[in-house]
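Below is one structure, written out as structure tokens; the observations come after it.
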Number of protein chains: 4
Amino acid sequence: MLIRIDPQSPDPIFEQIAFQIKGAVARGDLSDGDKLPSVRELAKDVSVNPNTVIRSYEVLEREGVILRRQGSGCFITGKTSMLNDDERKRQLSLLMRRTVTEAYHLGFSSEDIRKSLDVGLRGVHFRKEKRKK
Amino acid sequence: MLIRIDPQSPDPIFEQIAFQIKGAVARGDLSDGDKLPSVRELAKDVSVNPNTVIRSYEVLEREGVILRRQGSGCFITGKTSMLNDDERKRQLSLLMRRTVTEAYHLGFSSEDIRKSLDVGLRGVHFRKEKRKK
Amino acid sequence: MLIRIDPQSPDPIFEQIAFQIKGAVARGDLSDGDKLPSVRELAKDVSVNPNTVIRSYEVLEREGVILRRQGSGCFITGKTSMLNDDERKRQLSLLMRRTVTEAYHLGFSSEDIRKSLDVGLRGVHFRKEKRKK
Amino acid sequence: MLIRIDPQSPDPIFEQIAFQIKGAVARGDLSDGDKLPSVRELAKDVSVNPNTVIRSYEVLEREGVILRRQGSGCFITGKTSMLNDDERKRQLSLLMRRTVTEAYHLGFSSEDIRKSLDVGLRGVHFRKEKRKK
DNA sequence: GTGGTCTAGACCACA
DNA sequence: GTGGTCTAGACCACG
């Protein structure tokens, strides 16, 4: 579980931590039931205040990615978003609109963008999950 | 040039404005040489503080999307990112990693994600530009 | 907007604040678009640290009850949960099981319990909202 | 006497145990004079630390649900709350206010809520007990 | 003025 | 040992 913080990033530290954990889950490096490093341990590793780690874990818990249990630690749930379908679709659509616009302004063609997405998708471990349509 | 602020969005207003202009450029609604509304005019249109509009224009200028000329106004440059190729590729890669991770946690399959990207791409007007890979 | 903290309560302060705001929304005392007191103001009113109020507001934002906008303040959204139906039903069922069990152990009959629920329901302002089943 | 711990639940283990015993009493699965499993036995059954079970039993004793007798074990008292009537009514009212508020924010109608309560009540075995209102 | 992030450090609760 | 809450106070970002 290697977390790296970029102090130059405009993104707050707690979000960087949370995102990297989400990335590890998406890649399959962390999965259902796995234990995260303790708050104090991770705080020491990345040299931030424990409160900042707690905040990251809070965010992840509210998104349903992890579970926090007093006295025992934090664990990956293996679940994805519990939002309703309208909201999930809305968020996906927003995300893609943003992505495409930014990629366009970086000067890439639609073919470049599609290829880059495929590269990204190859790194993700999709589970065979049943989800009601 | 229709800008709409979503008061429900967590994004700051200046970013929403900048992003919508970038979106208009990507769609081809605005192109090389087109003049943007004046700061005051746009501020009045969307009912925000002129300082907020100025900030949006600053962002766009820094990204090379527009050019601000003293006294005559702001114009679309029609150029994409001025970064070097390595940096552009790095940013595209980062962007896609982020996109894929978030989409995964929203509970979408790789097929859903690809389709959603295609929908996004369909809205963009790509120019036939030669650019080194 | 009167918030009262019970320092004796086992519930953390930030939850007490969040819950009272949810109560005000349910009663109709606060509705769509209404502005909440500023973080500093409320912190002063209830004599707690501003960070504690921020935390309450964070919770409410994540539940979709309010919106926080830098520079302008926090506002009621007027929306209810964005969770999917399975999760909503699961939570309602858990809530009711807990409620009934506790009420039973307080020594009340099913008739008492039903009446008490009705009293509670009378205080709530239900909107005519369309929600897909 | 089947106790099941939900590792997904945010509630502490000792509360889950205590609550499930209260639930069994409410359903009539356990009644006046029934003996609870010994601390060690139950701890082994649900794979938790004996201290955790002890804590659950302490909670139940404090609420009057069980009686702990040195050397002989723990027994269901069959009694409900020992609080005076004003306090009991106050607690019921608080409970219902909380329940209704949460159910409202989950997006349920008053009819949904009433139905869900009825479902919950159907699982409870009410005794014909005389108690002053 | 608004909200947001982070630190340091005290103290509490659960297993 | 684990996580959770709260305070005090510095400093940043948005409008």
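Protein chains get the first letters and strands the later ones, always in sequence-line order, with residue 1 at the start of each. Every heavy atom of this structure was used, including side-chain atoms; hydrogens, water molecules and symmetry mates were not.
Within 6.0 Å of NZ in Lys35(C) there are more than 12 heavy atoms belonging to other residues, nucleotides or ligands.
Note that the OG atom of Ser9(A) and the CZ atom of Phe19(A) stand 11.0 Å from one another [nearest 0.5 Å]. Note: Lys22(A) NZ to Arg27(A) CZ = 13.5 Å, rounded to the nearest 0.5 Å. Note that OG of Ser47(D) and CD1 of Ile5(D) are 9.5 Å apart. Values are rounded to the nearest 0.5 Å.
We find that CD of Gln70(A) is positioned 5 Å from C1' of dG3(F), with the value rounded to whole Å. Rounded to a whole Å, the CD atom of Glu58(A) is 9 Å from the C1' atom of dG4(F). As a whole-Å value, the separation of Asp11(D) CG from dG3(F) P is 18 Å. The interatomic distance linking Ile13(C) (CD1) with dT5(F) (C1') rounds to 8 Å, in whole Å. Distance Ile5(B) CD1 to dG15(F) C1': 12 Å, rounded to the nearest Å. Nucleotide dG4(E) holds its P atom 11 Å from the CZ atom of Arg69(C), rounded to whole Å. Put simply, CZ on Arg62(C) is 11 Å from P on dG4(E), counting in whole angstrom units. Across the protein-nucleic acid pair, Tyr57(C) atom OH and dG4(E) atom P stand 11 Å apart, rounded to whole Å.
A salt bridge links Glu58(A) to Arg55(C): one of the charged nitrogens lies within less than 4.0 Å of a carboxylate oxygen. By the 4.0 Å N-to-carboxylate-O rule, Arg62(A) lies too far from Glu63(C) to be salt-bridged with it.
Heavy-atom distances under 4.0 Å link DNA chain E to Ser38(C), Val39(C), Arg40(C), Asn51(C), Ile54(C) of residues 34-54 of chain C, given in residue order.
Between Phe14(A) and Gly71(A), the one whose closest nucleotide on DNA chain E sits nearer the 5' end is Phe14(A).
The salt bridge (charged side-chain N to carboxylate O under 4.0 Å, His left out) with Glu61(A) is formed by just one residue from the set Arg69(A), Arg68(A), Lys79(A); it is Arg68(A).
Regarding contacts with the backbone of dG15(F), every side-chain N or O of Arg55(B) stays at 4.0 angstrom or more from both OP1 and OP2.
For the 3.5 Å distance criterion, the side chains of Gln91(D) and Glu87(D) qualify, holding a donor opposite an acceptor. Counted by atom type alone, Ser93(C) and Arg97(C) present one or more donor-acceptor pairs between their side chains at under 3.5 Å.
DNA chain F forms stems at E:1-14 with F:1-14, each a run of 3 or more consecutive Watson-Crick or G-U wobble pairs whose two key distances fall under 3.5 Å.
Of the candidate nucleotides dG15(F), dG4(E), dC14(E), dC14(E) has the atom nearest to the side chain of Pro12(D).
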